[in-house]
Amino acid sequence: MPLDTTSYAIPVARSVADLRAVVATWRKEGLSVALVPTMGALHAGHLSLVDLGLTRADRVIVSIFVNPSQFAPHEDLDAYPRTEQADAEKLTGKAHLIFAPNAAEMYPAGFSTTVSLTGVTEPLEGEFRPTHFAGVATVVTKLMLQAMPDIALFGEKDWQQLQVITRMTADLNIPVEIVGGPIMREDDGLAMSSRNVYLTSAERQVAGKLNIILRDAAARVSSGTPIEEAMSDARKRILSEGFSSIDYLEIRHAATLAPFEAGHPDGPARILVATKLGRTRLIDNMPLA
Ligand code: PAF
């Protein structure tokens with residue numbers, strides 16, 4: 001499959017061989033490489049990772065692959081937005097290469113390997129999406145071994161995912177530095193996400209309240225309110241604002257995602273939430289001061 005230099009103004013590698021050939025030419029020139037793994041439907045959050053990548057490396061690759069193995073059968077794999085042309089336009093003049101393999105390139109017949117972790121994958125998202133992180137860990141391992149970048153960048157919006165990838169990369173001695181980029185928010189504080197397009201306009205009015213409730217709850221715990229009291233009040237507030245259900249709302253150790261047994265944080269802490277608003281599942285998180 002030749003490198004696709006005609007579909008868009010930015011070149012697209014659709015095979016691992018083409019990706020590696022481009023990276024090899026950069027390496028011969030002594031250039032450093034950043035990888036921004038995405039599932040496409042790019043928004044300002046992804047573009048901020050590209051910008052961050054450009055401050056750290058000479059060349060930036062953005063991978064676009066809606067990874068089937070991280071979706072459970074009942075989840076939104078088919079509905080997930082696929083907007084390759086718009087994504088390519090957003091990346092033109094910013095990134096240097098798109099890597100957009102198809103499922104057969106990533107998971108050819110006979111594919112039999114899964115990367116799975118214990119510990120940090122188990123709570124929170126792991127309880128509600130038990131197969132999700134094995135799918136993420138497997139595809140991210142493959143993407144890093146395919147591109148062999150110096151750094152790979154991931155958004156802090158998926159905070160637990162970032163911890164999983166950081167742990168996995170260290171455990172497997174993968175020679176890639178994992179870099180987190182800050183959450184990008186809409187004007188009302190809603191964390192940017194490719195899934196926000198699922199929100200109806202009425203739901204969109206409600207969605208921004210999540211970030212405010214989170215901020216208030218984090219501030220209460222930082223100023224001494226016991227974790228369970230602040231979480232219980234915040235859960236009531238989320239439901240009274242019109243969110244349909246809450247998968248979790250927790251304050252956890254920022255790196256391990258373990259609970260704080262003492263009722264108060266005694267180390268770096270993060271508040272994390274997953275909630276449903278109509279058919280849309282929203283996640284968000286922030287550090288405690
Ligand atoms: O965060 C995402 O978009 C995905 O989980 C990732 C890291 C690109 C793996 O498919």
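Starting from 1, each residue takes its place in the sequence as its number. All ligand and atom numbering here is 1-based and tracks the order in the structure.
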Open item on the list: With a 4.0 Å cut-off on N to O distance, would you call R27 and D150 a salt bridge?
Closed with: yes
Residue, atom name and distance, where the atom is the protein heavy atom closest to [atom]:
atom                    : result
atom 10 (O) of ligand 1 : Q70 OE1, 2.6 Å
atom 1 (O) of ligand 1  : Q161 NE2, 2.9 Å
atom 3 (O) of ligand 1  : M39 CG, 3.7 Å

Task: For T38, atoms of ligand 1 separated by under 4.0 Å from a heavy atom - done: 8 (C)
Open item on the list: Can you name the atoms of ligand 1, numbered from 1 with element, that are less than 4.0 Å from a heavy atom of V139?
Closed with: 9 (C), 10 (O)
Please check: side-chain N/O of [X] versus main-chain N/O of [Y], any donor-acceptor pairing under 3.5 Å?
X    : Y    : result
S63  : F99  : no
T225 : R220 : yes
S222 : A218 : yes

Open item on the list: Under 6.0 Å from the ring centre and within 45 degrees of the ring axis: does the NZ or CZ of R279 meet both conditions for the six-membered ring of Y198?
Closed with: yes
Open item on the list: Can you tell me which portion of I165 lies within the under-4.0 Å heavy-atom range of ligand 1? Options are side chain, backbone, both, or neither.
Closed with: neither
